[in-house]
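Every heavy atom of this structure was used, including side-chain atoms; hydrogens, water molecules and symmetry mates were not. Keep in mind that what you see is a predicted model, and the values were worked out from it rather than measured.
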Amino acid sequence: LTALFLATSLAVFAQSKKPISKPLVSHIYTADPSAHVFNGKIYIYPSHDIESGVPQDDEGGHFDMKDYHILSMDKIGGKVTDHGVALDIKNIPWAGRQLWAPDAAFKNGTYYLYFPVKDKKDVFRMGVATSKSPVGPFKAEKEPIKGSFSIDPSVFKDTDGNFYMYFGGIWGGQLQRWKTGSYDPKGKLQNDNQPALAPKIAKLSKDMLSFAEEAKDVKILDKNGKVLLAGDNSKRFFEASWVHKYKGKYYFSYSTGDTHLINYATGNNPYGPFTYQGVVLNPVEGWTNHHSIVEVEGKWYLFYHDVQLSGKTHLRNVKVTELKHNSDGSIQTITAYK
Ligand code: FUB
């Protein structure tokens, strides 16, 4: 597996040509950009990559992040401000290691930062922290969100005002350890001919601090209405859920992990099922591919990352480029290199 992991990383590096976009910042490494427009300003909630010396492994141990910095800009292409440390792992009472991809939401004067981190038993859980400012500092709740597990929380506000968290990630993201509903450290991935493990959704409670329901599977179907299989690894879900709504349709986009794509599937309500449609973003330099899709002043943008600054898979840099929907609602596939 490790050989496969390294080989695919190198293959992805080998494909790279001239990038279409520049890193948004270069003084720190940033990844997994969750972008939002709050009060007319663009805020990016990324992971903050660092070199901590942990060797690369299939569990993602080398992604050993310890805090979050929030970035903002007044407009696409404008000056980017780094607002400093918004939340430090030291100030999350239950956290063990690895602050991975976060997201944020705003409701009734409070900003909520949602984050995955391993607890002291090395099990990924989701936490939430609050602030009166979009850039923090954020204060973490004392316990993880009850009923949460795995990684990559992404919070979608529907047009009716309800908020939903999508989450999950296989391999190092531990989703395969929750197949039975409780944690099994020996939990394995599905066989290739079985349905792929599904990402999860849970409606958030009115106070935004807990799940209002038990997490449910988000079904991703092929065009014949059949659930995608685990062996269909250029289509099936791996990690990095994101939902945007365009012309009344719900677009669930996600990373395919070991095939390095951002794919999308569409549905008629936040719970799905979603039908696979195609590729949003082709592989980028580096092993991981993780994105967000947001509307800014009538245009749509894809925030993503690659490893242009470092050439190392665990030291990434966030970028942005325009995303276009065709008149039939399909998304024009983006290749990040010319
Ligand atoms: O940044 C750490 C992990 O890498 C994220 O949680 C995944 O989505 C992948 O980008």
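- Of all heavy-atom pairs between G172 and F124, the closest is O-CE1, 3.4 Å.
- Ring centroids of Y114 and F138 are separated by 6.0 Å or more, keeping the two rings apart.
- Between Y183 and W178, the angle of the ring planes lies from 30° to 60°, which puts this pair in the tilted group.
- Residues Q98 and I89 come closest through the heavy atom pair N-CD1, 4.1 Å.
- Panel note: side chain N191, backbone Q194; no donor-acceptor pair is recorded below 3.5 Å.
- N263 and K235 share no donor-acceptor pair across their side chains, judged by distance under 3.5 Å alone.
- Within a 6.0 Å sphere centred on NZ of K216, other residues, nucleotides and ligands contribute more than 12 heavy atoms.
- Crowding of K245 atom NZ: a count of heavy atoms from other residues, nucleotides or ligands under 6.0 Å exceeding 12.
- Ring geometry for Y164 against Y166 counts as tilted: the plane angle lies between 30° and 60°, on a 0 to 90° scale.
- Between H244 and the options F303, Y264, Y251, a ring pair (Phe, Tyr, Trp, His ring centres under 6.0 Å) holds for only Y251.
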> After noting the C-alpha distance and the side-chain angles of W242 and Y254, does the key distance pass the ring pair (Phe, Tyr, Trp, His ring centres under 6.0 Å) rule?
Replying inline: CA-CA 6 Å; W242 187 264; Y254 56 96; over 10 Å; no
> Could you walk me through whether D119 and K121 pass the salt bridge (charged side-chain N to carboxylate O under 4.0 Å, His left out) check?
Replying inline: CA-CA 5 Å; D119 65 15; K121 293 184 177 149; over 6 Å; no
>> Run F252 and S241 through side chain to side chain contact (heavy atoms under 4.5 Å, CB included) and show every step you take.
In response: CA-CA 7 Å; F252 179 79; S241 300; 3.4 Å; yes
>> I'd like to know whether K179 forms a side chain to side chain donor-acceptor pair (under 3.5 Å) with Q190, so could you lay out the CA-CA distance, the side-chain angles of the two residues, the decisive distance to 0.1 Å, and finally the verdict.
In response: CA-CA 9 Å; K179 284 200 297 197; Q190 310 288 82; 3.0 Å; yes
